[in-house]
S.K.: 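My questions will all concern the structure given below.
Both counts, for ligands and for their atoms, begin at 1 and track the order of listing.
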Amino acid sequence: MAYQPSRRPRTGGRPNSGTRSFRPNRPHNRRPQQNKRFKGAAIHPSKFINRATVTGVETPYAATHQFSDFPFSQQLHGNIAAKGYITPSAIQDQSIPHLLEGRDVIGLANTGTGKTAAFLLPIIEKLSANRDLLSVLVIAPTRELAQQIDEQFRDFSRGMKLYSTLLVGGANIERQIAQLRRGPHVVIGTPGRMMDLMKRGQLPLKTVTTLVLDEADRMLDMGFINDIRMIVGQLSPQRQTLFFSATITPSIQKLTEDFLKDPVTVSVRTADTSERVDQDVVVAANKEEKLAKLLELLGQDEFEKVLLFGETKYGVQRLSDNLEKQGISSVAIHGNKSQSQRQRALRSFKNNQARVMVATDVAARGLDIPNVSHVINFDQPATYEDYVHRIGRTGRGTATGKALTFVEHR
Ligand code: AMP
C-alpha cells in the first residue's frame with residue numbers, strides 16, 4: 001500500500017445536520033463599491049478567495065523502493081514497522097539511497113511529506129554502526145518541530161542505546177548542559193538556544209559529522225540567518241549536510257552553495273497548498289461582529305477541528321478564553337506560554353480533546369497536525385507568505401481543506 005497520510009479522505013459533501021450552510025458574502029462576485037473600504041487590509045481580500053482546483057484523491061505515489069530494500073539493521077526495520085510505516089513516502093524513497101551513500105542532499109519538501117524519517121533513518125543506521133557521540137546536529141526553526149524530531153528519533157532508535165538531547169528555549173539550560181556533558185549521539189535544537197549554549201562554551205561541535213538544517217526557509221523568515229551561519233561556521237568541513245526547505249529563494253540558494261558540497265536535489269513538491277484548499281472570506285463590520293460570526297461558524301458540525309489564527313499573543317489567549325466561556329473546547333498556543341504549556345495545548349488539540357486551537361503564526365509553524373478541517377484567519381496575516389503557511393495546515397495529504405479569512409468591511 002502506498003504512503004497515505006493519516007487523514008480520512010473526503011469524497012463529496014459532508015452532511016450538514018440541519019444547520020444553515022455557510023454562505024459568506026462574496027465581494028468578488030459583486031460590482032466594486034467605491035464607498036466601501038476594507039480596514040487595515042495589507043493583502044487584497046480577493047487573494048483570500050479561491051476554489052480548490054485539486055480535489056478528490058490523488059494517485060498515490062508509486063515508490064520505487066520498499067523499506068526492506070534499504071540496508072538497515074533488523075532492529076531499525078522492526079522500529080519502522082512498529083511505527084506502522086509500510087511504504088516509503090516520495091521524499092524517503094528518493095533521498096534515502098543518496099543519504100546512505102553519504103551524499104549531501106537538498107530536500108525540497110514540506111512538513112507532512114515524511115521528511116523527518118527521510119533524514120533520521122539513514123542517520124540512525126550510520127550511528128548504530130559507528131556509535132560516535134555528539135556526531136549529529138539537527139537545527140530546526142521552532143521548539144515544537146525540534147520536539148517532534150526528537151520524538152521520532154526516540155521511536156526509530158528504540159532498543160539501540162542511542163541518545164539525543166533537545167536544546168530549545170523555554171527549558172532549563174543547566175539541565176541541557178548536564179545532558180550535553182553526558183555525551184548524546186544526536187543534538188536537536190533551535191538556533192537561539194544553540195547560540196546561547198555556544199556562547200557559554202557548552203555546545204561541543206567539533207565532533208559533528210552530520211548536519212541537518214530542517215525548514216531552512218522558515219529559519220530565514222524568522223531571522224535566524226546569522227545564528228545559523230555562526231553555528232555552521234564552527235563545524236568541520238568534513239561532514240555530510242542535509243538541507244530541507246519548502247522553497248528555494250535566492251538567499252536559500254546562497255546558503256546551500258555555502259553549506260553543501262556537490263549536493264543531490266530531491267524535490268517532492270506537489271500541487272501548491274493554495275490549489276488544494278477551498279478559500280473564502282467572511283465579512284464583518286467590527287470586532288464584535290467578527291466574534292459573533294465566528295461563534296456561528298463553530299456552531300456547525302462541519303467545523304470539526306479548527307486552527308484559528310490571531311495576530312498577537314494577548315489576542316490569541318483572549319480569543320481562546322472567550323471560546324471556552326461559550327462552551328467551545330479551545331486551547332491557545334503562543335510565545336507567552338511555557339514550553340510545557342504549549343506541548344499540553346498541542347497534545348489536546350491533536351488528540352481531539354480541544355476542537356479549536358488558537359495560534360500565532362510563529363507558534364504554529366512547522367507543526368504536524370493531522371485532520372485539521374478548517375483554518376480560520378480571525379486576524380489577517382501580515383504577508384501573503386504567512387497566509388500560505390497558515391492555510392497549509394489544512395488540506396494535507398489527499399484531502400481538500402477549507403480556509404476562511406475575516407475581512408473587516410465598513
Ligand atoms: P513529517 O513530514 O516528517 O513531519 O511526517 C508527517 C507524518 O507522516 C508523521 O506523522 C509521520 O509519522 C508520518 N509518516 C512519515 N513517513 C511515513 C510513511 N512512510 N508511512 C506512513 N506514515 C509516515
Side-chain angles (χ1 to χ4, degrees), residues 1-9 58 60-70 72 76-97 99-100 105-125 138-158 164 186 188 212-219 242-247 266-270 273 276 305 307 343 346-347 349-352 364-372 389 392-399 401:
M1 193 190 76
Y3 166 62
Q4 294 284 346
S6 52
R7 186 175 168 127
R8 210 168 349 118
E58 275 178 18
Y61 172 74
T64 58
H65 301 92
Q66 297 295 311
F67 280 115
S68 56
D69 295 336
F70 299 133
F72 296 149
L76 182 52
H77 276 303
N79 290 345
I80 295 168
K83 282 275 274 184
Y85 290 18
I86 296 164
T87 314
S89 71
I91 186 82
Q92 293 159 6
D93 188 41
Q94 293 173 44
S95 65
I96 289 176
L99 294 174
L100 287 169
V105 168
I106 301 172
L108 298 180
N110 252 318
T111 305
T113 52
K115 68 181 163 58
T116 317
F119 66 78
L120 284 180
L121 299 178
I123 284 175
I124 291 170
E125 180 56 30
V138 182
I139 314 180
T142 62
R143 298 169 184 183
E144 283 77 15
L145 184 59
Q147 170 95 34
Q148 284 170 15
I149 297 168
D150 189 45
E151 281 165 12
Q152 292 212 33
F153 175 78
R154 283 159 198 256
D155 290 346
F156 286 124
S157 64
R158 188 149 293 149
S164 60
V186 178
I188 302 164
V212 180
L213 289 162
D214 199 7
E215 307 213 347
D217 48 347
R218 301 224 170 127
M219 294 205 270
L242 323 183
F243 187 103
F244 290 89
S245 177
T247 51
V266 175
S267 174
V268 301
R269 286 160 46 101
T270 50
T273 323
R276 50 165 69 252
K305 190 165 187 168
L307 185 55
Q343 274 164 23
L346 182 61
R347 216 175 306 126
F349 185 57
K350 274 189 171 180
N351 66 23
N352 301 324
R365 282 209 169 150
L367 296 184
D368 171 32
I369 310 164
N371 307 325
V372 171
H389 279 155
R393 310 289 101 204
T394 182
R396 308 283 286 267
T398 53

S.K.: Determine the interplanar angle of the Y85 and F156 rings, folded into 0 to 90°, and report it as parallel if under 30°, tilted if 30 to 60°, perpendicular if over 60°.
M.R.: perpendicular
S.K.: When you look for heavy atoms under 4.0 Å from ligand 1, do you find them on the side chain of Q92, its backbone, both, or neither?
M.R.: side chain
S.K.: Measure the spacing between CG of L108 and OG1 of T247 and express it to the nearest 0.5 Å.
M.R.: 8.5 Å
S.K.: As an exercise, identify every atom of ligand 1 less than 4.0 angstrom from a heavy atom of T113.
M.R.: 2 (O)
S.K.: Out of L121, T116, T87, whose heavy atom is nearest to atom 19 (N) of ligand 1?
M.R.: T87
S.K.: Consider every N or O of K83 and every N or O of ligand 1, then say whether any pair is closer than 3.5 Å.
M.R.: no
S.K.: Is there any N or O on G114 that sits under 3.5 Å from an N or O of ligand 1?
M.R.: yes
S.K.: Looking only at heavy atoms, is any part of F67 under 4.0 Å from ligand 1, and if so is it the side chain, the backbone, or both, or is it neither?
M.R.: side chain
S.K.: Within the 4.0 Å heavy-atom shell around S89, which atoms of ligand 1 are there?
M.R.: 19 (N)
S.K.: Output, in order, the C-alpha distance, side-chain angles, deciding distance and verdict of side chain to side chain donor-acceptor pair (under 3.5 Å) for E151 and Q147.
M.R.: CA-CA 6 Å; E151 281 165 12; Q147 170 95 34; 3.3 Å; yes
S.K.: Please give me the minimum heavy-atom distance between F67 and I86, naming the atom from each residue.
M.R.: CD1-O, 3.5 Å
S.K.: Taking side chain to side chain donor-acceptor pair (under 3.5 Å) as the test, write out the residues that go with R154, two or more places apart.
M.R.: D150
S.K.: Taking side chain to side chain donor-acceptor pair (under 3.5 Å) as the definition, give me every residue that meets it alongside Q66, ordered by chain and number, with sequence neighbours left out.
M.R.: none
